[in-house]
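Below is one structure; the comments refer to it alone.
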Amino acid sequence: MNKLRLIFLLFISLFIGLISFIMLTYSEHEKVTEYGEPIRELGHEVLEMRDHITNAALARVSNPYQMSADLVALERELQKLRESYQSENIHSTFFKHLPTAQLLERFYNASMANIDTLDNLIGLSVARQFILQSLTLQLTGVSPTNAEVNNANIDIQSELLASMLIGGTEIQHSGVNSELANLYKTFTELNQQQSQLLSQVLSAHSMEYIEHIEHQFTDLQDQLKSLIVKLIIVLALLTLAFSFTMFIFRVFELKRNNLSYQEAADKAEKASEAKSLFLATMSHELRTPMNGVLGIAQIIKEDSQSADTRKQAQIIIDSGQHLVTILNDILDFSKVEQGKMELEYSPFSVTDVVTHLDKTLTPLATDKGLTFTIKDNIPTNIQLIGDPARTRQILFNLAGNAVKFTESGKVEVEFLIAPTTPTSVNILVTDTGIGIAEDKVDHIFTAFEQAELSTTRKFGGTGLGLSIVKQLVELMGGTISVFSQLNVGTQFTISLPLEMHELEEKVIDQTPTKVNETLDDFSVLLVEDNKINAMVIRKFCESINLTVENAYDGLQALDKLASNQYDLIIMDNHMPNMSGIEAIQKIRNELKLTTVIFACTADVFKEAHDEFIVSGADFVLTKPLQKNSLQNAINEFHHQFQVNRHRLANAHDLSDKDDSNITMLTRHPKVKLPLTEEEISRSKLLTNDKLEMDDKLECLTSLVDELENEIDELIELFSSARTDDLCRTLKAVRAIASRFEMTEVLELATSAEQITEHHVMPEAELLQQLVNRLMVNSHQATRLINKLNQQRKTG
């Protein structure tokens, strides 16, 4: 606790110091700006005065007294500027090295020197003009009195005389007296002096100090701006570092509290509940803004026409997803610690757990020039019983680390049946990466630790991945060991006590939904109080041609549902006036609507998701929401949307009937259908050894397309009571069943067809059994396709 206080005090001190220094720097910047502006204005005045005086000197000085007065005024302004910076220190102690005062003094001295030169030029011009006029009067013989009467002619003659004299013409006159000669000599000297001053004033170097000093002031301003930006970045990094440090301290503090609370069961229980609440709240509060960040970044990436913008948006997405991964690691670690990690037991195949692994890691390995191989030595007819999701998580952590820490060579994942009783599966993850030192191997499974500090700096990570792997393996009753050599490679060996059956149990469907479309005029009611999240989800929906209407709490949603129909409801949970769970319950229990409902929440704990499902939600989306997750969920319920539309379309025709008597065909989730009812794997057409692998794949792919099409037609035709069309579809189903020797499907299709031939609609139960059989065989055909693809890839 003392360390925490010390860090807090240190942070506050640094924070206040940085804020003060930023303000001081800003003040100094304003001072430089304050002096830079008059420098620019006075510099321009000096240039304008030079141009005005030189033009007058080259032509004819019309009002020398006004020009002299202007020079005096300019001198006063320069003197006033000088007094302003000489009377006080311009900069504070931290910035006394700035050359502001030197620049100002240089500007003052140079400007005053130029003003003196210009003043001399005015005097010379006036004297020259006077001598020239005297010469003109004497040469023309005009008296001064007459000259005043005819000034215009005298001026013209003076200019002509000046041109002649400057051009080198000598005055030839027998009566030239000494006075006239002296005037001529004086004019020549004054003209030479004026020419020299003009050359000096109009020289490129005489005024270049103005531009140079202006640039130096601009550079000073830019330097101070840059310093301010750097200080702000340091402040942001300091705040981030402090937040992360406080978070880490909080995690360790919770862990220490758990150990101390074990002395009393009631205190331990309360502490555990408090920790769960903290993590749930933290997860929700972090995921909610992350949903906005990632969502907006995805929208920018998709909408932008600039490659640089798309690249920068992808950096935001990658960073945000990395933050979510870290958050998930922390949450999983906490769940295991508290004993809240629950395992599921269901059948699955190796293909089910490695398909996504292959698709995700193979591109990453290829980008690094690595070979990524999956070897499946488990017979294709063997089903494993265990937790596929946690098995997949273990593989992702180990294989992902292997790819990350391997610069050249290969990464290999291999599955073997261990010769043990009871049976178990060995999983070997091998790489040719950096390896682990012998004295560090014992520490790699410790939370928040990696083999070397340099590893963290180079590759990143929280140090939780392997700790979670070890705890998951032990939770599943297995063991994990590691063998490694520095700069040679590493091999992790996992032994999991998974039961095995020969396709006798249900399997988890990992087949990606092929449908990537939506219904026409698909309408969505989005119930979300956070305007940023609402905007992101709306953009996602609109990008796949969905029409979205907003409600900002449960009460508004109920009002809209009372008078409008929607294909889909996307429901947030934590909202004012009425929560999402309460709104869903009212939709199901009071409004009696069967509209598909997707819950969308930042809560990631299983209890929160289960509560949504129990209340009546069909599916739960987790924030931060990804566009492909929304699309996949919509695809998964595509047929349910169709069923709901048919039900609404037929509601008017069936209004006289009791709703309880209306039966609809549905697509049950494949996970709930017994795979023992499949027949396709025993088809002689497919088990023929003479049939090439490519021919089998083509045959199976065509079969899946046919079965899925017939299932859709059966459901639609039964819903719309089109007996004749249903009869034709049943004939097509019977032909498929005969070709692939699916006896049970053939019997059901024949029975239904015989009924429809009498223009009578078969019982829904009979057709539902047929639909279920077709779905099971379609699912098994898809699994066979995946296995054949995997065998072809691994050789």
Side-chain angles (χ1 to χ4, degrees), residues 32-85 100 102-133 136 151-152 154-167 186-221:
V32 173
T33 303
E34 179 184 348
Y35 283 106
E37 290 299 325
I39 286 293
R40 294 182 181 90
E41 294 175 1
L42 291 174
H44 292 160
E45 288 184 23
V46 170
L47 288 172
E48 290 175 359
M49 187 63 69
R50 179 202 66 177
D51 295 339
H52 181 57
I53 293 173
T54 53
N55 288 335
L58 291 172
R60 177 175 177 271
V61 179
S62 59
N63 194 345
Y65 302 103
Q66 182 61 45
M67 288 188 290
S68 298
D70 291 340
L71 284 178
V72 171
L74 184 57
E75 286 180 359
R76 289 174 180 172
E77 290 182 15
L78 288 169
Q79 188 62 38
K80 185 178 179 181
L81 174 65
R82 189 185 195 193
E83 290 173 357
S84 67
Y85 67 78
T100 307
Q102 293 88 327
L103 292 174
L104 290 169
E105 189 66 17
R106 178 186 167 193
F107 177 82
Y108 173 81
N109 292 331
S111 297
M112 291 299 292
N114 276 321
I115 288 173
D116 290 340
T117 303
L118 291 173
D119 188 56
N120 291 335
L121 182 60
I122 292 172
L124 283 174
S125 298
V126 171
R128 174 182 175 277
Q129 184 175 340
F130 176 80
I131 295 299
L132 180 62
Q133 192 174 36
T136 302
N151 281 332
I154 296 301
D155 290 340
I156 294 172
Q157 293 174 0
S158 297
E159 293 299 326
L160 290 173
L161 179 61
S163 300
M164 294 172 59
L165 294 175
I166 294 172
T186 304
F187 173 82
T188 303
E189 292 174 354
L190 290 175
N191 194 65
Q192 290 177 349
Q193 292 177 16
Q194 184 190 42
S195 298
Q196 290 175 357
L197 285 179
L198 281 172
S199 299
Q200 180 182 344
V201 170
L202 295 176
S203 170
H205 300 291
S206 66
M207 295 293 177
E208 67 179 1
Y209 75 95
I210 296 176
E211 182 178 0
H212 181 66
I213 292 175
E214 284 184 4
H215 284 315
Q216 285 187 306
F217 266 93
T218 302
D219 291 340
L220 276 178
Q221 290 174 308

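Worth knowing before you read on, the calculation uses all heavy atoms, side chains too, and leaves out hydrogens, waters and symmetry mates. Just so you know, these numbers come straight off a predicted model, no measurement behind them.
Taking the side chain as every heavy atom from C-beta outward, Leu197 and Gln200 approach each other to under 4.5 Å. Two residues are said to be in side-chain contact when any heavy atoms from C-beta on lie closer than 4.5 Å; Ile39 and Leu81 meet this criterion.
In this structure, OH in Tyr85 is found 10.0 Å from CG in Leu103, a value given to the nearest 0.5 Å. The CG atom of Leu74 sits 5.5 Å away from atom CD of Glu45, with the distance rounded to the nearest 0.5 Å. Atom-to-atom distance recorded for Asn120:CG and Gln196:CD is 12.0 Å, nearest 0.5 angstrom. Rounded to the nearest 0.5 Å, atoms CG (Asn109) and CD (Glu105) are 4.5 Å apart.
For Glu211, the CD atom counts as loosely surrounded, since its 6.0 Å shell holds 12 or fewer non-hydrogen atoms of other residues, nucleotides or ligands.
Contact between Val46 and Tyr209 at its shortest, heavy atoms only, is CG1-OH, 4.1 Å. Pairing each heavy atom of Arg40 with each of Glu214, the nearest pair is CA-OE2, 3.5 Å. Minimum heavy-atom separation, Leu71 to Met49: CD2-CG, 3.4 Å. The shortest heavy-atom contact between Asn114 and Ser206 is ND2-O, 3.2 Å. Considering every non-hydrogen atom in both Ser111 and Leu78, the closest pair reads CB-CD1, 3.6 Å.
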Working note: Phe217 + Leu104, criterion side-chain contact (heavy atoms from CB on, under 4.5 Å); need CA distance, chi angles, decisive distance, verdict. CA-CA 10 Å; Phe217 266 93; Leu104 290 169; 3.9 Å; yes
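The closest donor-acceptor contact from the side chain of Asn55 to the backbone of Asp51 lies under 3.5 Å.
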